[in-house]
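Below you'll find the structure, written out as structure tokens, and then a few comments.
Only a predicted model underlies this, so the values are computations on that prediction, with no experimental measurement involved. Ligands are counted one by one from 1 in listed order, and the atoms in each one are counted from 1 as well.
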Amino acid sequence: MDDYTDAEIRSMKAAILHAPGAIAKRPLIIGEIPTPQVTPGHVLLRVRACGVCRTDLHIAAGELPARRHPLIPGHQIVGEIVDGATAELPAGTRVGVSWMGGVDGTCPYCRRGMENLCDSPTFTGYTVDGGFAEFALARADFVFPLPGSIDDLHAAPLLCAGIIGFRSLRVAGVEHGDRVGLFGFGASAHLAIAVLRAWGCDVYVSTRGVSHRALAASLGAAWVGPETERPPVDLDRAITFAPSGDVVVAALASLRKGGVVAINAIHLDRIPAFDYDRLLWGERQIRSVTNMTRADARDFLETAREIGLQPKATPFSLDQANEALLAIAHDSIDGAAVIVPGG
Ligand SMILES: [Zn+2]
Ligand SMILES: [Zn+2]
């Protein structure tokens, strides 16, 4: 903690959600609050960067039920340990924190190795304060050392967009050489495509927005088209990223027999009625992707290091936290939005 004066440690700047509201009405209030005190089993991090995820929009807009207020959102934290250090996690270690902030370790799901489905989970930036702040508290057993080859701005989007995108590929059962459709091309998809290309898959991208299609093409998509257009081949797997049931049906209509759609969305408007005989018969499957395990995080971060994954990221200061939410809401940036408190 030597770099900070006592006054700097005692209080911190944060983007706080007092009550959910429309994103256009700028629901986050930037203010000065006491810095959290380290508690047993936790580490205090100085936040170096925190990615913005679509889930943050759903929380800020009240589309997910409020769990606590006031709340500091943000669950893709790159931070440096400043208090609560241990032998394994010495002071100064750069670590990442993701959406899963902790599990009970005792429920039937945890005991089956399915901690992503834990009955009593802690969610960073939802059930506990997150990283849209200068400091954040995290459970010591839910932080991940980060590859040194990736800087703070570019490491942040790996921590939810990247990990959940990677888990989506697993849930969809992607095998090397598969034909894979990505429906939507935001922060998560633009990382998933790099993994898919490394696995020798042909990737078909349906997305709105000319710049998203251009980015997909530049990252090696075999085909790009508007969100309503069907890829020119039958897909082995499809992953949907938009919070839209229409997109799920479009993805289903693009599958071969036995194919899988994995829905990477924590919130969906609704799934419209669809024709069972034509769209689901033939052992096609629809699966949701729910949270992540620590193994997903470690495996993905190792893959990211191996393939030299470089997310596209746009920095925002803490004062611009509402603008960062708006950028995601309007799909107005390519890749990820990242809040950099020191920026
Ligand atoms: Zn997220
Ligand atoms: Zn559990």
Please determine which of L182, L219, V205 meets the side chain to side chain contact (heavy atoms under 4.5 Å, CB included) test together with H190. L219

Given the Zn ion (ligand 2) as the apex, I'd like the angle to SG of C107 and SG of C110, rounded to 10 degrees. 120°

Below 2.8 Å, can you find an N, O or S atom of D119 next to the Zn ion (ligand 2)? no

side-chain hydrogen bond (donor to acceptor under 3.5 Å, both in side chains) assessment of E115 paired with T293: CA-CA 6 Å; E115 67 181 13; T293 65; 5.0 Å; no

Qualifying residue for side chain to side chain contact (heavy atoms under 4.5 Å, CB included) with R179, from D236, V203, V174: D236

Could you identify the N, O or S atom of D104 positioned closest to the Zn ion (ligand 2)? OD1

For the residue pair R294 and F142, would you count it as a cation-pi contact if the rule is NZ or CZ under 6.0 angstrom from the ring centre and within 45 degrees of the ring axis? yes

What angle, in degrees and rounded to 10°, do you get at the Zn ion (ligand 1) when you join it to SG of C53 and to SG of C160? 130°

